[in-house]
Amino acid sequence: WVQEEAPDVLCLQETKCAVSAVPAEVRALPGLPHQFWSSAKDRPGYSGVGLLAKTEPLNVTYGIGDPEHDVDGRVVTAEFPSLFVVCAYVPNAGRGLVRLEPRLRFDAAFLAFLQRLDAQKPVLLCGDLNVAHHEIDLCHPRINRNNPGFTAQEREGFSRLLAAGFVDSFRHLYPEARGAFTFWTYLGGARARNVGWRLDYAVLSQRLLGALCDCKIRSAVPGSDHCPITALLAV
């Protein structure tokens, strides 16, 4: 699928893979020779992200400058001539919301990081942000109000991101689209019944809206409990 899609930049989240253990077939993906991986320190099989690019970035950084969260390998940022591309895997609040407070601290630190980038040049944030922003973004909002990914605090965190000058590209283009999900639990045939959540986003600086051509949810692509999304920009 990646070869058919032929992206300029490919962002991967929850890789659970040390840099040294990236599979050979991924290393050899045609058209994506510039690869940047981050994994959790001393926690094999946890978290991790990868950013793969067709052209070499001007600069690449890891983390958000926050020691609490940077050890988990959640963010890789590549600077290109016209924009920053940020690949992020936002923490899950955990079963019973046991990690809600660390998640909210991450949200605040991450927003400050994105604002620092945005002050330099526009930003495209791609990733699993572990939040369904509005009721339209998940199948069963009423029964999930106190569950990870749909608490009032997490949703408010995403609202603060948008209020700071960023745009949810899919919802900007398709404000009324229902059943547009990117994650389905493996349990109970959820994907076949489209009982899902929209947790994966392409968020961009408002001044990139003129360059936004489309944002697509590739729900027919198998291989994970998430599906890919694509953002198409003329930059």
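In this text the structure is predicted, and so the values were computed from the model without any measurement.
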Looking at side-chain heavy atoms only, is the closest gap between Leu97 and Thr151 below 4.5 Å? yes
Among Ile, Leu, Val, Met, Phe, Trp and Tyr joined by side-chain contacts under 4.5 Å, find the other residues sharing a cluster with Ile136 and list them by chain and number. none
Identify every side-chain donor-acceptor pair in residues 18-29 under 3.5 Å, counting partners at least two apart or on other chains, and give the distances.
unit_1 : atom_1 : unit_2 : atom_2 : d
Arg27  : NH2    : Val19  : O      : 3.1

Salt-bridge criterion met for Glu135 and Arg142 (N-O under 4.0 Å): no
Pro33: side-chain contact (heavy atoms from CB on, under 4.5 Å) partners, not counting sequence neighbours: none
Nearest heavy-atom approach of Ala177 to Arg171 is O-NH1, 2.9 Å
Taking only residues at least two apart or on different chains, which pairs with a member in residues 202-214 satisfy salt bridge (Lys or Arg N to Asp or Glu O under 4.0 Å)? Asp118-Arg207, Asp214-Lys216
Side chain to side chain donor-acceptor pair (under 3.5 Å) between Ser38 and Arg74: does it pass, once the steps are laid out? CA-CA 7 Å; Ser38 184; Arg74 294 189 176 276; over 6 Å; no
Keeping the roles fixed (side chain from Thr15, backbone from Gly50), state whether a donor-acceptor pair exists under 3.5 Å. no
According to the salt bridge (Lys or Arg N to Asp or Glu O under 4.0 Å) rule, which pairs have a member within residues 150-164, sequence neighbours left out? Arg103-Glu154
With Pro44 via side-chain contact (heavy atoms from CB on, under 4.5 Å) - residues at least two apart: none
Identify, with sequence neighbours excluded, every residue that meets side-chain contact (heavy atoms from CB on, under 4.5 Å) alongside Phe181. Cys139, Trp184, Asn194
By the rule that ILVMFWY residues connect when side-chain heavy atoms come within less than 4.5 angstrom, directly or transitively, which residues belong alongside Leu117? Ile64, Val75, Phe84, Val86, Val90, Phe106, Phe110, Leu111, Phe113, Leu114, Val123, Leu125, Leu129, Val131, Phe158, Leu161, Leu162, Phe166, Tyr201, Val203
Heavy-atom check, side chain of Arg95 versus side chain of Pro148, under 4.5 Å: no
In short, Cys17 meets Ser39 closest at the heavy-atom pair O-CB, 3.4 Å
If you apply the rule side chain to side chain contact (heavy atoms under 4.5 Å, CB included), what do you find for His69 with Arg105, and how did you get there? CA-CA 9 Å; His69 303 288; Arg105 291 196 297 272; 4.1 Å; yes
Residues that, via side-chain heavy atoms closer than 4.5 angstrom, fall in one hydrophobic cluster with Tyr46: none
Are any of the side-chain heavy atoms of Gln120 and Glu79 separated by less than 4.5 Å? no
Under 4.5 Å side-chain heavy-atom separation, chaining through any Ile, Leu, Val, Met, Phe, Trp or Tyr, what else clusters with Val85? Say none if it is isolated. Val9, Phe36, Val49, Leu51, Val60, Tyr62, Val76, Phe80, Leu83, Tyr89, Leu124, Val167, Phe170, Leu173, Tyr174, Leu204, Leu208, Leu209, Leu212, Ile217, Ile229, Leu233, Val235
If we only count heavy atoms from C-beta on, is the His34 to Leu52 side-chain gap below 4.5 Å? no
Closer than 3.5 angstrom, by distance alone: can the side chain of Asp70 be matched with the main-chain N or O of Gly65 as a donor-acceptor pair? yes
Please tell me if the side chains of Pro102 and Glu68 come closer than 4.5 Å, counting only heavy atoms from C-beta onward. yes
Do the non-hydrogen side-chain atoms of Cys215 and Thr230 ever get within less than 4.5 Å of each other? no
Salt bridge (Lys or Arg N to Asp or Glu O under 4.0 Å) pairs touching residues 28-45, sequence neighbours excluded, are none
According to the interplanar angle, ranging from 0 to 90°, do the rings of Phe150 and Trp197 count as parallel (below 30°), tilted (30 to 60°) or perpendicular (above 60°)? perpendicular
Quick one: closest heavy-atom pair of Gln115 and Ala164, and the distance? NE2-CB, 3.6 Å
Applying side-chain contact (heavy atoms from CB on, under 4.5 Å), can you list everything that pairs with Ile143, at least two apart in sequence or on another chain? His140
